[in-house]
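Presented below is the structure to which this report refers.
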Amino acid sequence: MRVLVVEDNEAVAKVVARSLEREGFQVEIVGTAGEGTELAPSVDYSLIILDMILPDGRGMSVLRTLRERGSATPVLIVSGEGDVDTITEALNAGADDYLQKPFVDEELRSRVRALFRRRHL
């Protein structure tokens with residue numbers, strides 16, 4: 001299963017990738033909203049992990065574009081923004097879950113497993 005990580009912080013992206021690779025996922029990393037918007041619909045990803053603050057825009061625009069194009073790929077937001085308004089906006093725009101940075105590695109993996117359980121119900 002393939003996962004796309006849209007994260008501009010290289011250290012965070014590597015932590016996420018290593019964690020998911022331990023779970024057996026093949027991980028691709030991009031660092032901008034533009035790359036995420038371009039790559040996400042062109043590959044059959046099992047999951048997209050998306051940061052909200054990217055150097056060329058907001059992860060919210062990537063999320064909205066995916067949903068407008070009809071993508072049902074689960075999206076887990078992983079972001080330093082943790083105010084209720086931002087979380088609510090992301091979930092209402094089509095995010096499947098929201099994890100605030102900093103996070104514990106095991107919580108990330110648990111949320112990913114939960115997303116796949118829900119998808120297979």
Grab the two heavy atoms, one from Arg69 and one from Thr37, that are nearest each other, plus how far apart they are.
NH1-O, 3.4 Å
Between Thr32 and Leu54, is the side-chain contact (heavy atoms from CB on, under 4.5 Å) condition met? List the steps.
CA-CA 6 Å; Thr32 67; Leu54 297 162; 5.6 Å; no
Examine Val3 and Val75 and state if one hydrophobic cluster contains both, with Ile, Leu, Val, Met, Phe, Trp and Tyr joined whenever side-chain heavy atoms are less than 4.5 Å apart.
no
Residue pairs meeting salt bridge (charged side-chain N to carboxylate O under 4.0 Å, His left out), one or both in residues 36-46, sequence neighbours left out, come to none
side-chain contact (heavy atoms from CB on, under 4.5 Å), that's the test. Do Thr73 and Leu66 meet it? Break it down for me.
CA-CA 9 Å; Thr73 302; Leu66 287 171; over 6 Å; no
Between Asp105 and Arg22, is any pair of side-chain heavy atoms under 4.5 Å apart?
yes
Please assess Asp96 against Arg117 for the test salt bridge (Lys or Arg N to Asp or Glu O under 4.0 Å), listing each intermediate value before the final yes or no.
CA-CA 12 Å; Asp96 295 279; Arg117 276 195 310 272; over 6 Å; no
For Ala40 and Ile48 the tightest heavy-atom approach is CB-CD1, 3.8 Å
Tightest non-hydrogen contact, residues Gly82 and Ile87, listed as O-CD1, 3.4 Å
Hey, does the side chain of Thr65 reach the backbone of Ser61 with a donor-acceptor pair shorter than 3.5 angstrom?
yes
Give a yes or no answer on whether the side chain of Thr88 reaches the backbone of Asp85 with a donor-acceptor pair at less than 3.5 Å.
no
Val43, Val6: one ILVMFWY side-chain cluster at the under-4.5 Å cut-off?
yes
State which residues pass side chain to side chain contact (heavy atoms under 4.5 Å, CB included) with Arg111; sequence neighbours excluded, sorted by chain then number.
Asp97, Leu99, Glu107
Would a hydrophobic clustering, with Ile, Leu, Val, Met, Phe, Trp and Tyr connected at side-chain separations under 4.5 Å, put Leu47 with Val62?
no
Heavy atoms, side chains only, cut-off 4.5 Å: are Ile49 and Leu20 in contact?
yes
Provide the full list of ring-ring contact (aromatic ring centres under 6.0 Å, His included) pairs with a residue in residues 3-52, sequence neighbours left out, each pair given once.
Phe25-Phe116
For Ser79, what residues pass the side chain to side chain contact (heavy atoms under 4.5 Å, CB included) criterion, not counting sequence neighbours?
Asp51, Met52, Ile77, Glu81, Tyr98
For Ser110, which residues count as a side chain to side chain contact (heavy atoms under 4.5 Å, CB included) partner, sequence neighbours excluded?
Glu106, Arg113
Write down the atom of Ala17, the atom of Ile29, and the distance for their closest heavy-atom approach.
CB-CD1, 3.9 Å
Contacts of Glu28 that satisfy salt bridge (Lys or Arg N to Asp or Glu O under 4.0 Å) - sequence neighbours left out
Arg2
Does Leu108 belong to the same Ile/Leu/Val/Met/Phe/Trp/Tyr cluster as Val12, with side-chain heavy atoms less than 4.5 Å apart forming each link?
yes
Closer than 4.0 angstrom, basic N to acidic O: yes or no for Glu89 and Arg64?
yes
Nearest heavy-atom approach of Ser46 to Met1 is OG-CB, 3.3 Å
Note, Leu4 side chain near Leu39 side chain (heavy atom, < 4.5 Å):
yes
Determine, using the 4.5 Å side-chain heavy-atom cutoff (strictly less than), whether Val5 and Val112 are members of one ILVMFWY cluster.
yes
Looking only at non-hydrogen atoms, find the nearest pair between Arg58 and Ala33 and report the distance.
O-CB, 4.3 Å
Verify the neighbour count for atom NZ of Lys101: are there more than 12 heavy atoms of other residues, nucleotides or ligands below 6.0 Å?
yes
